[in-house]
There are 2 protein chains.
Amino acid sequence: MSETRTRPKRATIFDVAAEAGVSRGTVSRVLNGEPYVSQSAREAIEAAIDKVGYVRNTAARNLATQTSGAVALIVHEPHAVFVEDPNIGAILLGTNTALSDADYQLVSLIIDSDRDTDRVVSYLGGGFVDGAIVVSAREDDPITAALERLHIPTVLVGRPETAPELPSVSIDNRTAARDITERLVSTGRRRIGMIAAALDRDSGRDRLAGFRDALGDAFDDALVVEVPLYSFHSGQEGMRQLLRRAPDLDGIFAASDAIAAGAVDVLKEAGKRIPNDVGVVGFDDSAWALRCQPALSTVRQPAGALGARAAELVLDEIRRGERQRGVVLLPTEVVWRDSA
Amino acid sequence: MSETRTRPKRATIFDVAAEAGVSRGTVSRVLNGEPYVSQSAREAIEAAIDKVGYVRNTAARNLATQTSGAVALIVHEPHAVFVEDPNIGAILLGTNTALSDADYQLVSLIIDSDRDTDRVVSYLGGGFVDGAIVVSAREDDPITAALERLHIPTVLVGRPETAPELPSVSIDNRTAARDITERLVSTGRRRIGMIAAALDRDSGRDRLAGFRDALGDAFDDALVVEVPLYSFHSGQEGMRQLLRRAPDLDGIFAASDAIAAGAVDVLKEAGKRIPNDVGVVGFDDSAWALRCQPALSTVRQPAGALGARAAELVLDEIRRGERQRGVVLLPTEVVWRDSA
DNA sequence: GGAGGATCTGTGAGCGCTCACAGAATAAGA
DNA sequence: TCTTATTCTGTGAGCGCTCACAGATCCTCC
């Protein structure tokens, strides 16, 4: 319990050196885990750090190393989606934790309009960040292109097909979609439809592909409807269309829990009972899933872990220059509840 | 269009000085908006800044000024709430924008468990942030106490009663709650209940008080039920209780849109028609409001603006030492839709 | 015309750290 | 024993900026 009446004067590397009876250089070496430090010096320094309560001054370090100590998290979504989408929040949280553990700052850049694109690109060119994580990159994303041009270490969350050289972390959407659809099949559903979304991203396309995989010959184009967003509203809209086309369907795979919730809403209004008349499954295992009546069967997506893993990958590249090649897939899990 | 094949060497204050034919000191003065700079020098410097594409090196500035250039956003909520609550997301966004406009970094500290409290307190003591914004502070919050002890400029979003010396930004929950309840009354509802929440915070208490204000003598204790969280689930729970107590009620004021959505759910299940049999109003104007069937009448809360305003207040205190006294109230607005 | 006050400008030092280099200590081999 | 690696340590310079100080220039007024 130290006295904290006034803002404490922070100890510097100099104080540590004096306390340990060595020079600044040696302290710096210990701090950075460099070799060529004697056991005795190391121990003395570690004790001294503890004693004087030293913590590194990031600004000084960044100035000396000509780095920023910051990583950008670039989210290319309207503000509304950013606020609403639980996955994005979880990714942000995961990234934030991983970065601050490593003493890095997270700078979040939200790109809402196209005007923002220019602003962000020039910001990135200014050397304010040592690396970047791009969430839900679109095909032909100008930001991703700029990042490559600037040689800024970058990791994508989700994997668009046009930037295969960049490392990315994602989930196996296709397999997960196949798995959950298969269980829909194995519980006896015969006329299964899908509400697909975001077909301009890998997540959307792969979920559709997985659905197709599971149905095999039974796949029927007419039972797939595409909606623009992973949203409740889109779910309602899609479900209405689908019901018009095929009033007799008995299973629905929705590309996200929010969509599934919208679908459930419309189905109930149409007098269908869930899961008795129609089985519904979603994707994400977000709070939507539990909010539904009945609770949604869905695929658990490790959103926080995705963010954390992406952070670790950029850090690897920033600090050791090691670029992970290709895509890292994190495991998903089917969660079976009451809606199917 | 400059060549960007390799990471561009950033221009320094020195380059600007050379280009403008003045000294570093004068450039620094212009950069910091200090007086005593001749018109001609100022113009030359501004032109030079443009020409060489100078942007200030934050690390160097922070080192020289002995500041961190960062403001903490402290959210004392479980991770789940952080991810789900649209208000928190919007506050974060507003804060982030305001801070980065002023060249400050936002550091988000999420306190989930009590273990985090210690970690955060010691982090704050380390001089890593120049100011702090505390969202949804509880009564007797240990973090708030630590912040005062450390003399770190702090602004609260929402106003707990035990920290009246700290400036805060909030909305007039009481008046807003009264207004929306009054419109419920004026449209002919006679038996109006309330689902209250979070009575350990000003937001919760004031909404209840406003409700009471609007009903006057007609206020009936038995028609108020308290639930633990501003959540959909809590809304369902509360509504069930209320229906048991008073199956004949014809109006509901829910302390948040999420609660209202839960209430609507239960009411529909119970065969009530909305708004014909029961009128329902919420609070927040979050995405929940539009998600409801029928769309929710509610109070629009300027969450983004709350965050931005809080940021401006801390910045005022950090930069000019001016502490705003008391609470800043931002205006709300009743949004009349179809649920009442 | 010169004193005294404003207004403007340049310079050195220093913020806390890292990095390259040189020098000291130790170990190993002839 | 002396040489030559190898391991370890200290020192100076410099990252880009701000701040205090001193000096220069310009007015104003007696």
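Note that the structure is a prediction, hence the values are computed from the model and not measured.
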inquiry  = With a 4.0 Å limit, can you tell me whether R56(B) has a side-chain N or O closer than that to the phosphate oxygens OP1/OP2 of dT18(D)?
reply    = yes
request  = With DNA chain D as reference, determine whether Y36(A) or G25(A) sits nearer its 5' end, using the nearest nucleotide of each.
outcome  = Y36(A)
inquiry  = Among dC17(C), dG14(C), dT7(D), which nucleotide has an atom closest to any side-chain atom of A60(A)?
reply    = dC17(C)
task = Quick one: do T67(B) and T65(B) satisfy side chain to side chain donor-acceptor pair (under 3.5 Å)? Show the steps, please.
result = CA-CA 5 Å; T67(B) 59; T65(B) 54; 2.9 Å; yes
ask   = For N62(A) and dG16(C), what is the distance between atoms CG and C1' respectively, to the nearest whole Å?
value = 11 Å
inquiry  = Check the phosphate of dT18(C) against N32(A), side-chain N and O only, distance under 4.0 Å to OP1 or OP2. Yes or no?
reply    = yes
Per L63(B) side chain, nearest of listed nucleotides dT18(D), dC15(C), dC19(C) = dC15(C)
task = Measure from CD1 on I45(A) to C1' on dC8(D) and round the result to the nearest Å.
result = 11 Å
inquiry  = Taking atom types as they are modelled, would you say the side chain of R24(B) forms a donor-acceptor pair with the base of dT18(D) within the 3.5 Å cutoff?
reply    = yes
task = Using only side-chain N and O atoms of T12(A), determine if any of them is under 4.0 Å from OP1 or OP2 of dG16(C).
result = no
request  = Check the distance between dT7(D)'s P and R42(A)'s CZ and give it to me in whole angstrom.
outcome  = 14 Å
ask   = Looking only at side-chain N and O atoms, does S23(A) come under 4.0 Å of OP1 or OP2 in dT11(D)?
value = no
inquiry  = Judged by each residue's nearest nucleotide on DNA chain C, which is more toward the 5′ side, R29(B) or Q66(B)?
reply    = R29(B)
request  = Look at the side chain of N62(B) and the backbone N and O of S68(B), then say whether any donor-acceptor pair between them is shorter than 3.5 Å.
outcome  = yes
query = Nearest-Å distance, CD (E34(B)) to P (dC19(D))?
reply = 7 Å
inquiry  = Counting C-beta onward and ignoring hydrogens, is there a side-chain heavy-atom pair between H79(B) and L93(A) closer than 4.5 Å?
reply    = yes
ask   = Can you tell which of V155(B), V71(B), L73(B) makes a side-chain contact (heavy atoms from CB on, under 4.5 Å) with T95(B)?
value = L73(B)
query = Over how many whole Å does the gap from Q39(B) atom CD to dT9(C) atom C1' extend?
reply = 16 Å
query = Please give, in whole Å, the distance from dT9(C) P to E43(B) CD?
reply = 12 Å
request  = Would you indicate which nucleotide in dT9(D), dC17(D), dG16(C) comes nearest to any side-chain atom of T26(A)?
outcome  = dT9(D)
ask   = Hey, is the main chain of R56(A) close enough, under 3.5 Å, to the side chain of R10(A) for a donor-acceptor pair?
value = yes
Closest to side chain of N57(A), choosing from dT9(D), dT18(D), dC17(C) = dC17(C)
message = What contact category does A41(A) fall into here, base, sugar-phosphate, or nothing, at under 4.0 angstrom with non-hydrogen atoms?
response = sugar-phosphate
query = Is the distance from OP1 or OP2 of dT9(D) to the nearest side-chain N or O of S38(A) less than 4.0 Å?
reply = yes
Under 3.5 Å: donor-acceptor pair, side chain of N32(B), backbone of E34(B) = no
key: Distance, rounded to the nearest Å, where R319(A) contributes CZ and dT18(C) contributes P   = 14 Å
note = note: F14(B), atom CZ; dC17(D), atom P; distance rounded to Å ~ 11 Å
